[in-house]
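Shown next, in structure tokens, is the structure this report addresses.
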Amino acid sequence: MSAVTNELIDLMEILPENEQYFALEFVKRLVLAWDPDFTKLTPAEKAELEKAQKEIENGDTISHEAINWN
């Protein structure tokens, strides 16, 4: 977690519970304004997708047929 995220959590914990709900709704609105269709990636998501793409390109994957689904 980033330092900013940790600071936000610390500040949220200071607030009374009803104000925490208000702050949560405010943050949700900020996120929706920044990415209304939830298509932007966080740095962690981008890194995971890049890692997965490299695994696919290198053949480091398991086929669906090789998995025992039972």
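The structure displayed is predicted, hence computed values, not measured ones.
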Check the pair Leu15, Phe22 against side chain to side chain contact (heavy atoms under 4.5 Å, CB included), reporting the backbone distance first and the verdict last. CA-CA 10 Å; Leu15 293 172; Phe22 173 79; over 6 Å; no
Judged by atom type as modelled, is there a donor-acceptor pair below 3.5 Å linking the side chain of [X] to the main-chain atoms of [Y]?
X	Y	value
Asp35	Val31	no
Asn68	Asn70	yes
Gln20	Met12	yes
Glu45	Thr42	yes

Measure the [atom1]-[atom2] distance between [X] and [Y] for me, rounded to the nearest 0.5 Å.
X	Y	atom1	atom2	result
Ile67	Glu65	CD1	CD	9.0 Å
Leu49	Lys54	CG	NZ	12.0 Å
Glu7	Thr5	CD	OG1	10.0 Å
Leu24	Glu19	CG	CD	12.5 Å

I want to check something: taking the side chain as every heavy atom from C-beta on, are Ile9 and Met1 in contact at a cut-off of under 4.5 Å?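 The answer is yes, as the side chains (C-beta and beyond) meet within the 4.5 Å cut-off.
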Within a 6.0 Å radius of atom CD1 on Ile62, are there more than 12 heavy atoms belonging to other residues, nucleotides or ligands?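 Not more than 12 within 6.0 Å, no.
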Which atom pair, heavy atoms only, marks the closest approach of Lys40 to Trp34?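 The pair with the smallest heavy-atom distance is NZ-O, 2.8 Å.
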Answer yes if the side chains of Tyr21 and Glu17 hold a donor-acceptor pair under 3.5 Å, and no otherwise.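 Checked: Tyr21/Glu17 side chains pair up, N/O donor to acceptor below 3.5 Å.
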Would you call Glu25 and Lys28 a salt bridge, using N to O less than 4.0 angstrom?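 Salt bridge between Glu25 and Lys28, a charged N being under 4.0 Å from a carboxylate O: yes.
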